[in-house]
Amino acid sequence: MMSQGEEQNELLQVRRDKLESLREKGIDPFGAKFERTHTAKEILDAYDALSKEEIEEKNQPVVIAGRLVAKRKQGKASFAHLQDQSGRIQIYVRKDQVGDEQYETFTTADLGDWLGISGVVFKTNRGETSVKAKEVTFLSKSLRPLPEKFHGLKDVELRYRKRYLDLIMNPDVKETFLTRSRIISTMRRYLDDHGYLEVETPTMHTIPGGAAARPFITHHNALDMDLYMRIAIELHLKRLIVGGIEKVYEIGRVYRNEGISTRHNPEFTMLELYKAYADFHDMMDLTENLIRHIAREVLGTETVEYDGNTVDLGRPWARKHMADLVKEHTGVDFRREMSDGEARRLAEEHGVELKPGMTFGHILNEFFEQKVEEKLIQPTFVYGHPLEISPLAKKNEEDPRFTDRFELFIVGREHANAFSELNDPIDQRERFETQVREKSQGNEEAHPMDEDFLEALEYGMPPTGGLGIGIDRLVMFLTDSASIRDVLLFPTLREQG
RNA sequence: GACCCAUUAGCUCAGUUGGCAGAGCACCUGACUUUUAAUCAGGGUGUCCCAGGUUCGAGUCCUGGAUGGGUCACCA
């Protein structure tokens, strides 16, 4: 739909007029199937290294197609660039080669129009490998002007709202999303090769569980029932472990009704994976091997630059207890016996902010988040999370104030979360009850009671290691992207007013 | 949710002390058969984010709002 203002816009009107004149000449402005033989990159890869004479000798016929992105008319001959998914290639169109009619079609084509060119490969005097047109086929009309050719599309809002323009104008953007795709396919292949079964579980839940987050609520009309968009995949995959599927994973979207920032989008992609008979140490090995493998396969290196930091994924990754890290950075020893009151006093002493009702474990976690987290640049497995913040993880045998859980930190950010899964249904029920009490005291993100899940555990779940990796943050890290919006094709934005 | 910044032509951006709305690219007309941010000559195409206010006069100053970005909060 054109707005009132746009109907008067000369640039749009000119293009509509050109569309009409194409029709008058019997050319379909939104043409049909076109068979090409080469992409731009295939031609450049094959011929760019050859000399002008060598290329001329081969006289290689090619058919290419793409969007017209630059045009240099020079009287009875013109140079231009066509862009396809692989890149750009120059074309050279001469009136004496293509004839008066096609030459006019070509010279009246606008930047943004789609063209097919049949011709031969050659090299110009200035050394650019190009295609000399024998035939110009008009493929599709562009009724709107593209962003400026040199400065491109800079406006961040427009780049996110009209990602297609961003992809046309900014080659780095396309590269980032190709890398994202390779990261995910490499991950999938690795897990498939290691015997994991990929599954799909519901994204609409009756109880929003498996994580601590506020959910989106939706409604099923026929059942007259509220449903929650999932905040995690966890509880369904564990039911599959109960069902005897021993190595299972899902890569999928989860939804959390929380703030938006450079590191948070309301919907994001997680890998969750569960392995029967394993524990959180196995999950550390798997995480380390998987991410290192992805870096090697996709980036061709184990050394990653992120925001000015050089991160070495090649050396063995540090594995440190949360309490030991807090001691290292603040001198406070949470391994020893400590009352909630003493912990609170130490927090005040060290300027660690707390919320009312926090106990020993919450306070340790606040120490870690406020004093340590951002300093963990090189990959570090932080394990031994306090019981209070880990309602789905097994207690540590030696010290039940902690759990057999870890989070992976790289460049000061959480990239993975894993634990030895709690498979004792009696303990799990107590944890849920504690969470429900927290909820009634105002913690909106506390975990709800889930009787159906407890019933599944009561049938018996083998000891199991579980792992979650935030794919978007992994892609951010591996593509040196500052914002999660730069690794999501269509990030969540407010509705345009 | 709080604070800071931005919003001017299709795009990238200038706009002085409050005094006729600007440039480059794109587009239109013409010249040009190896150019490449092609070049040369000519042409300005606009809801200055929106709504109020101050003023003889507002793109500019004031108030409120919208959208976006950043920082923080939130995100175990």
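Keep in mind the model is a prediction, meaning the values are calculated, not measured.
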Original post:
Looking across every strand, which nucleic acid part, if any, lies under 4.0 Å from Gln90(A) by heavy atom: base, sugar-phosphate, or nothing?
Top reply: base

**OP:** Determine which nucleotide pairs with C48(B), using a 3.5 Å limit on both distances of a Watson-Crick or G-U wobble pair.
**Re:** none

Original post:
Among A26(B), G70(B), C11(B), which nucleotide sits nearest the side chain of Glu148(A)?
Top reply: C11(B)

Subject >> Closest listed nucleotide, where the reference is the side chain of Asn365(A) and the choices are A76(B), G69(B), U36(B) >> reply: A76(B)

Original post:
For the pair made of CZ in Arg263(A) and C1' in A73(B), what is the distance, rounded to whole Å?
Top reply: 12 Å

**OP:** Please state whether the base of U34(B) and the side chain of Glu128(A) form at least one donor-acceptor pair under 3.5 Å?
**Re:** no

**OP:** Using a heavy-atom cut-off of under 4.0 Å over every strand shown, decide if Lys73(A) touches base, sugar-phosphate, or nothing.
**Re:** base

Original post:
Do Phe367(A) and Phe334(A) have their ring centres less than 6.0 Å from each other?
Top reply: yes

Subject >> Between P of A76(B) and CZ of Arg214(A), the distance in whole Å >> reply: 12 Å

Original post:
Which residue, Leu153(A) or Leu493(A), contacts RNA chain B at a nucleotide closer to its 5' end, judged by nearest heavy atom?
Top reply: Leu153(A)

Subject >> Mate of U29(B) where both pairing distances stay under 3.5 Å, Watson-Crick or G-U >> reply: A41(B)

**OP:** Using a 4.0 Å heavy-atom cut-off across all strands, classify Glu369(A) as base, sugar-phosphate, or nothing.
**Re:** sugar-phosphate

Subject >> Nucleotide of G69(B), G10(B), C11(B) approaching Tyr160(A) most closely (side-chain heavy atoms) >> reply: G69(B)

Subject >> Sugar-phosphate, base or nothing in reach of Gly152(A), heavy atoms under 4.0 Å >> reply: sugar-phosphate

**OP:** Please answer whether the main-chain N or O of Phe280(A) pairs with a side-chain N or O of Tyr383(A) as donor and acceptor at a distance below 3.5 Å.
**Re:** no

Subject >> Short side-chain N/O contact to U33(B) OP1/OP2 from Arg94(A), under 4.0 Å >> reply: no

Subject >> Any strand: nucleotide that pairs with U54(B) via Watson-Crick or wobble, under 3.5 Å >> reply: none

Original post:
Roughly how many Å is it from CD in Gln102(A) to P in U33(B), rounded to a whole number?
Top reply: 20 Å

Original post:
Taking atom C1' of A76(B) as reference, at what distance in whole Å does atom CD of Glu444(A) sit?
Top reply: 14 Å

Original post:
Looking at Lys141(A), Lys71(A), Arg16(A), which hits salt bridge (charged side-chain N to carboxylate O under 4.0 Å, His left out) with Asp110(A)?
Top reply: Lys141(A)

**OP:** Give a yes or no on whether the backbone of Glu101(A) and the side-chain of Thr105(A) come within a donor-acceptor separation of less than 3.5 Å.
**Re:** yes

Original post:
Gln74(A) has an atom CD; how far is it from atom P of A31(B), in whole Å?
Top reply: 14 Å

Original post:
Using purine N1 to pyrimidine N3 plus N6-O4 or O6-N4 for Watson-Crick, or N1-O2 and O6-N3 for G-U wobble, both under 3.5 Å, which nucleotide pairs with U71(B)?
Top reply: A2(B)

**OP:** Could you check which of G68(B), U33(B), U35(B) has an atom nearest any side-chain atom of Tyr92(A)?
**Re:** U33(B)

**OP:** Respond yes when some side-chain nitrogen or oxygen of Arg144(A) is under 4.0 Å from OP1 or OP2 of G10(B), and no when none is.
**Re:** no

Subject >> U60(B): pairing nucleotide in any strand, Watson-Crick or G-U under 3.5 angstrom >> reply: none

Original post:
Contact class for Lys154(A) vs. all strands (heavy atom < 4.0 Å): base, sugar-phosphate, or nothing?
Top reply: sugar-phosphate

Subject >> Spacing of Met169(A) atom CE relative to A37(B) atom C1', expressed in whole Å >> reply: 12 Å

**OP:** Assign Asn125(A) to base, sugar-phosphate, or nothing according to its heavy-atom contacts below 4.0 angstrom with the strands shown.
**Re:** base

Original post:
Paired with U7(B) by Watson-Crick or G-U wobble geometry, both distances under 3.5 Å: which nucleotide is it?
Top reply: A66(B)

**OP:** Would you indicate, yes or no, if U34(B) has its OP1 or OP2 atom less than 4.0 angstrom from a side-chain nitrogen or oxygen of Lys132(A)?
**Re:** no

Original post:
Within this structure, what is the CG-to-P distance between Leu158(A) and U7(B), rounded to whole angstrom?
Top reply: 14 Å

Subject >> Any-strand Watson-Crick or G-U partner of G22(B), both distances under 3.5 Å >> reply: C13(B)

Original post:
Are Arg485(A) and G70(B) close enough that a side-chain N or O sits under 4.0 Å from OP1 or OP2?
Top reply: yes

Original post:
Under 4.0 Å between a side-chain N/O of Arg161(A) and OP1 or OP2 of G68(B), yes or no?
Top reply: yes

Original post:
For Asn443(A), which contact category applies under a 4.0 Å heavy-atom criterion: base, sugar-phosphate, or nothing?
Top reply: nothing

Original post:
Of the candidate nucleotides U35(B), U12(B), G69(B), which contains the atom at the shortest distance from the side chain of Asp155(A)?
Top reply: U12(B)

Original post:
Which listed nucleotide (G10(B), A76(B), U34(B)) is nearest to the side chain of Ala212(A)?
Top reply: A76(B)

Original post:
What is the minimum heavy-atom distance between Phe177(A) and Leu489(A), and which atoms define it?
Top reply: CE2-N, 3.4 Å

**OP:** Please work out if Phe122(A) contacts a base, only the sugar-phosphate, or nothing of the nucleic acid, heavy-atom cut-off 4.0 Å.
**Re:** base

Original post:
Quick one: His385(A) NE2 to A76(B) C1', roughly how many Å, whole number?
Top reply: 8 Å

Original post:
Counting distance only, does the side-chain N/O of Arg431(A) pair as donor-acceptor with the main-chain N or O of Ala393(A) below 3.5 Å?
Top reply: yes

**OP:** Identify which nucleotide among G10(B), A76(B), U33(B) has an atom closest to any side-chain atom of Leu11(A), counting heavy atoms from C-beta outward.
**Re:** G10(B)

Original post:
Distance-only, no hydrogens or angles: does the Tyr306(A) side chain make a donor-acceptor pair with backbone N or O of Ile377(A) under 3.5 Å?
Top reply: no

**OP:** Name the nucleic acid region contacted by His81(A), choosing base, sugar-phosphate or nothing; use a 4.0 angstrom heavy-atom cut-off, strictly under.
**Re:** base

Original post:
Between Asp427(A) and Lys395(A), is there a side-chain N and carboxylate O pair less than 4.0 Å apart?
Top reply: yes

**OP:** Answer with base, sugar-phosphate or nothing: what part of the nucleic acid does Thr262(A) contact at a heavy-atom distance below 4.0 Å?
**Re:** sugar-phosphate

Original post:
Starting at the 5' end of RNA chain B and moving along, which residue's nearest nucleotide shows up first, Ala77(A) or Gly259(A)?
Top reply: Ala77(A)

Subject >> Closest listed nucleotide, where the reference is the side chain of Lys76(A) and the choices are U33(B), A37(B), G69(B) >> reply: U33(B)

